[in-house]
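Positions are given from 1 along the sequence.
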Amino acid sequence: MKQTAVRTGWLIAAMMAAGALIVAWQGAWTAVAFINATFLLSLVPLSLGGLLFVYERGFFSGFAYGFQKWRKSAGTKAERYLEEAAAEQEFAQPPGPRRFAVTYPLLLSGLLLFLAMIAAGYAVQ
């Protein structure tokens, strides 16, 4: 949990620094420009973290299994029996879903910065 908090903090700091660099490079430093740039930057880790979260939970494994069964269903009856026997041995112990160390830091940093920039945008108006 502590590592996740540290990584999340570093990602937020990096995105805010990148937003400041983008605004400084454009030449017109305003609070609204910084909020807009940082808001857009927060969408990248939020999207990546969301995709990794969905992948880790095994959402796509059902689709992959269905397509494997569908692809192997073509052919003669004897071929199907042989393929089913081989598939039972293959799928006897399905591998667990992959876990990524960056999923929660990406998701949390993107979400926190996203919400903070929305709040800052309304506060500036």
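L113 pairs with exactly one of L11, T8, T38, L41 by the side-chain contact (heavy atoms from CB on, under 4.5 Å) rule, that one being T38.
M15 and P45 get closest at one heavy-atom pair: SD-CG, 3.2 Å. G49 approaches L106 most closely through the heavy-atom pair CA-CB, 4.0 Å.
In this structure, OH in Y55 is found 11.0 Å from OG1 in T103, a value given to the nearest 0.5 Å. Within the model, atoms OG of S109 and CZ of F114 stand 13.0 Å from one another, a figure rounded to the nearest 0.5 Å.
By the criterion of side-chain heavy atoms lying less than 4.5 angstrom apart, applied directly or through intervening Ile, Leu, Val, Met, Phe, Trp or Tyr residues, L108 is not grouped with L52; the two fall into different hydrophobic clusters. The cluster map of Ile, Leu, Val, Met, Phe, Trp and Tyr, joined by side-chain heavy atoms under 4.5 Å apart, puts L46 and F39 in the same cluster. In this structure, L40 is a member of the same hydrophobic cluster as W29, with clusters built from ILVMFWY side-chain heavy atoms closer than 4.5 Å. V32 and I22 fall into different hydrophobic clusters, where Ile, Leu, Val, Met, Phe, Trp and Tyr residues are linked whenever their side-chain heavy atoms come under 4.5 Å apart, directly or through other members. With hydrophobic clusters built from ILVMFWY side chains whose heavy atoms lie under 4.5 angstrom apart, I118 shares a cluster with V23.
Between L111 and L107, the closest side-chain pair of non-hydrogen atoms is not below 4.5 Å.
With sequence neighbours excluded, no residue forms a side chain to side chain contact (heavy atoms under 4.5 Å, CB included) with L21.
Note: Y104 and F53 have perpendicular aromatic rings, judged against thresholds of 30 and 60 degrees for the angle between ring planes.
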